[in-house]
Amino acid sequence: MATHCKDYDFLEIEPHWQTFWDTNRSFRTTDDTSRPKYYVLDMFPYPSGAGLHLGHCENYAITDILARFQRAQGKNVLYPIGWDAFGLPTENYAVKTGRHPREVTVENVATFRRQLKAIGVSYDFGREIDTTDPRYFRWTQWIWLQLFKKGLAYVEEKPVWWCPALGTVLANEEVIDGVSEVGKHPVERRPLRQWVLRITAYAERLLADLKLVDWPDSTKRMQEAWIGRSEGAELLFKLEHPHLGELKVFTTRPDTVFGVTFMVIAPEHPLADALTTPAQREAVAAYRKQASAKSDLERTDLAKGEKTGVWSGSFAINPANGNRIPVWIADYVIMGYGTGAIMAVPAHDERDYAFAQKFNIPVVQVIEPDHSEGRNGSGNSKLPYTGDGCLVHSEGYSGLPWEEAKKKITADLAAQGRGKATVNYKLRDWLFSRQRYWGEPFPIVWVNPEDYAAATAHAASAGVSLPLPADAVTCVIDGRTRYALPVPEHSLPLQLPEVTSYQPTGTGESPLAAITDWVDIWYDAATGHAAPASGAKPADHYVLARRETNTMPQWAGSCWYYLRYLDPKNDDAIAAPGLIKYWAGPDIYVGGAEHAVLHLLYARFWHKVLFDIGVVPTPEPFAKLFHQGIILGEDGEKMSKSRGNVANPDDIIRSHGTDTLRLYLMFLGPLEAMKPWNPSGIEGVHRFLQKVWRECIGREGEPNPKVVQDPSADSAELLKLLHETIKKVGDDIEGLRFNTAISQMMIFVNALQKSERASLATVLSFLQLLAPFAPHIAEELWARLGGDDSIQSTPWPKFDPAKLVASEQKIIVQVNGKKRAELSVAVGSNQDLVLQLAQAHADSAPFLAGKTVKRVVFVPGKILNIVVE
RNA sequence: GCCCGGGUGGUGGAAUGGUAGACACCAGGGACUUAAAAUCCCUUGGCUGCAAAGCCGUGCGGGUUCGAGUCCCGCCCCGGGCACCA
């Protein structure tokens with residue numbers, strides 16, 4: 001079964017074993033639910049045309065090592081791969097070349113699959129999934145319908161980030177510093193009809209359940225910061241002219257309400273017009289126009305500079321003391337957060353202070369530091385002051401610590417109906433539609449109100465239960481109200497129509513909008529059947545409908561793919577309930593920290609919805625998460641074509657073999673650290689594998705005669721080292737410290753090389769330790785030395801704790817904390833004995849001569865520290 | 001500005017509060033060879049010294065401890081994330 005090469009010819013050995021694994025389907029996962037399971041998952045790759053890069057190799061080497069190790073532990077291992085294949089780059093490429101995105105996708109996937117096999121990863125390719133496969137996205141659409149049914153999806157005409165270059169809108173989080181995250185194109189605000197998912201309804205659980213998962217702390221904190229919970233109060237300020245009603249503000253500091261000297265509303269605030277007095281109309285109009293024209297980039301830049309704003313001409317009444325305070329309009333208050341209006345307390349807020357300074361607005365101190373020297377209740381601290389303290393100038397509350405006052409004032413205002421304690425989140429609802437072709441179509445048609453009633457009644461009478469929300473989702477299209485009618489679940493998938501052009505329409509609508517026969521239809525709500533509206537009405541119960549032309553964003557398919565691997569060919573459910581229960585979630589999820597917020601937050605949201613409707617048994621999808629650090633170029637900079645510092649895996653596989661590449665990637669440093677690629681260092685691990693080969697194989701390709709059958713051939717030291725190595729490699733794999741596991745194997749092989757003889761059993765055990773890291777050479781040598789079966793199906797070696805115990809141990813002698821001598825003593829030697837030896841030892845004795853011993857610290861088996869004089 | 005990481009030889013990096021620099025790379029010297037490659041052996045943190053050995057040394061300054069790369073306080077620098085979030 002092995003090859004016959006005399007030297008370590010990795011170019012022959014590696015493809016040989018890859019073919020062996022492929023034809024034997026060595027890594028097929030069975031659904032043997034009686035065995036303990038281990039599910040190891042990589043973050044979903046996007047099959048780009050560029051193929052695999054070193055970052056992929058690092059990611060997949062980590063998970064492959066874990067998968068192979070866990071198989072050797074006797075676990076039933078699920079280690080799958082698939083393709084997150086919808087998305088903009090493919091579509092843009094298709095637009096440019098005039099080819100169908102599907103064709104491009106198939107090609108890219110083939111490249112990825114070939115490259116993955118070439119790095120020797122042990123995926124079960126029989127479970128491959130592809131988000132663009134109708135059998136897959138059928139269930140993406142199904143899950144989306146469940147969200148729709150639960151009232152978590154709605155449509156809004158809202159100003160969104162429109163990117164002319166990409167021809168699509170982008171979610172807030174896809175816009176960085178005023179340019180698109182993908183391609184860095186400028187973006188602008190444009191009002192468009194959008195699907196939005198109510199992720200904010202899950203904000204509290206998304207925050208609280210972070211304590212259930214074993215994730216890097218930094219990632220948890222980033223999610224916390226993104227959700228941005230803050231406790232405070234909504235307070236109602238009456239407006240001076242009663243017909244204008246009230247102004248609702250959100251504040252985290254209701255204790256400072258006596259210090260309010262002005263109010264600010266966002267330029268887009270709905271009351272902005274009504275509050276503007278005739279005298280101010282011109283100034284306000286000019287300011288609002290100017291504010292709306294600002295890009296995000298300008299706003300960010302300006303944030304560091306001057307505040308801008310304009311007085312509306314109106315006044316509000318402070319509910320705490322009845323003061324009359326001016327209402328300003330300024331863009332440092334944003335409509336998207338809180339209520340879009342604030343009570344400004346310049347004495348205790350940096351931004352309000354800067355604004356008050358610029359527009360000569362009075363500043364009233366109401367909090368005084370606890371320990372200020374001049375504390376006398378007069379309030380004359382340096383302002384703005386944002387720290388702890390007690391209230392001043394706050395009738396009825398002065399002297400109270402601010403936290404106490406916060407509760408009391410909130411309660412008192414609430415009692416008068418002037419406010420209530422609330423919680424606010426930075427998290428926004430999730431903009432979930434794109435105006436592109438290459439994405440999942442929404443399983444929705446739009447109908448008029450009468451047809452909605454008729455269609456739902458027809459479906460009900462036909463015995464079809466449509467996934468209807470409690471409150472119908474509506475929108476206005478061309479000035480007419482339309483109702484969102486979901487297609488029946490049994491009619492899924494709703495496929496993409498074939499089109500001749502994928503060009504964005506430029507109007508903000510998707511290319512789908514131009515496929516008239518697909519979009520404008522006669523529609524049967526019970527079956528989902530459609531016929532072009534240009535033709536005759538097929539039957540009485542058909543209604544005139546317009547299909548939703550937006551498509552889903554790329555996040556959709558990656559929100560639940562980890563569930564599909566459990567049962568990838570199931571046409572009755574996203575996966576069989578028994579399998580979902582058995583496999584639960586991934587035992588470990590490995591991928592880059594760049595997905596710390598978005599992908600992980602979105603997937604958690606969908607998972608919680610599935611949990612709520614009883615599809616999954618766990619509240620969290622990813623119990624344990626690990627981020628591998630990125631591999632930088634030789635120059636310590638991010639690898640990029642433009643920098644010319646890209647190392648190509650294919651080249652390295654050709655020159656050194658994939659075993660060397662994998663081993664070296666793991667040896668570079670801690671897996672989670674960001675580390676530069678050093679091309680000369682690879683020689684070291686390559687030499688290590690060459691050495692392993694020579695220890696096993698002689699000059700003519702025969703087994704090395706130094707490896708003998710006699711199990712007692714090993715020296716005591718070698719045997720001890722073997723057992724230490726078994727222990728350390730096992731511990732280090734479980735602790736994801738692969739670099740030190742490899743060091744230990746190098747130490748072992750260095751010792752093996754110096755041994756004149758070694759037992760076959762010892763060498764085979766070592767090869768098993770090496771197998772997860774360098775599987776091809778391990779298989780080859782295992783077969784050549786006569787190991788049974790495949791090394792992959794052999795149980796992991798056990799270490800014998802008795803063999804780890806030495807009879808002698810080294811004790812370091814310190815005098816006043818400085819190392820002076822080394823002693824070798826019998827295990828269990830006591831302090832008196834060791835002290836005597838130390839006093840007699842030539843290296844340490846001179847430092848003790850003529851000194852008084854003040855203290856002796858003895859750590860058995862480690863150290864003796866003698867403190868003198 | 002705020003929140004996280006991280007600063008150890010020429011380089012990548014090791015080190016449950018207990019020998020700092022494991023394991024490698026690079027460099028230098030030697031063996032084998034007609035020669036080279038490959039391989040093997042030796043040296044390899046700095047300073048002083050013929051040597052034995054000694055002193056210094058984990059970004060900087062303090063502290064705790066018998067003992068600090070590791071713990072605490074205050075800084076500096078680098079990387080990542082967030083940012084007018086009321």
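First the proteins, then the strands, lettered A, B, ... as listed; each starts at 1.
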Quiz item: Base, sugar-phosphate, or nothing: which does Arg820(A) touch, judged by heavy atoms less than 4.0 Å apart?
Solution: sugar-phosphate
Quiz item: Can you tell me if the side-chain N/O atoms of Asn865(A) get under 4.0 Å from OP1 or OP2 in rU65(B)?
Solution: no
Quiz prompt | Tyr287(A) and Trp311(A) aromatic centres sub-6.0 Å | solution = no
Quiz item: Checking all strands, does Tyr425(A) fall into the base, sugar-phosphate, or nothing category for heavy-atom contacts under 4.0 angstrom?
Solution: nothing
Quiz item: Base, sugar-phosphate, or nothing for Tyr664(A), non-hydrogen atoms under 4.0 angstrom?
Solution: nothing
Quiz item: What distance, rounded to whole Å, do you find between the two C1' atoms, one in rA83(B) and one in rU19(B)?
Solution: 48 Å
Quiz item: Could you spell out the base pairing of RNA chain B in dot-bracket, with Watson-Crick or G-U pairs whose two distances are under 3.5 Å, [ ] crossing and | to another strand?
Solution: (((((((..(((.....[....))).(((((.......))))).((((....))))..(((((..]....))))))))))))....
Exercise. Could you tell me whether Arg418(A) and Glu246(A) have a side-chain N and a carboxylate O separated by less than 4.0 Å?
Key: yes
Quiz item: Using the ring of each side chain (for Trp, its six-membered ring), is Phe355(A) parallel, tilted or perpendicular to Trp328(A), with breaks at 30° and 60°?
Solution: perpendicular
Quiz item: For rG9(B), is chi within 90° of 0 (syn) or not (anti)?
Solution: syn
Exercise. Report which part of the nucleic acid Ile747(A) touches: base, sugar-phosphate, or nothing (heavy-atom distance under 4.0 Å, all strands).
Key: sugar-phosphate
Quiz prompt | Under-4.0 Å side-chain N/O to phosphate OP1/OP2 contact, Lys358(A) with rC84(B) | solution = no
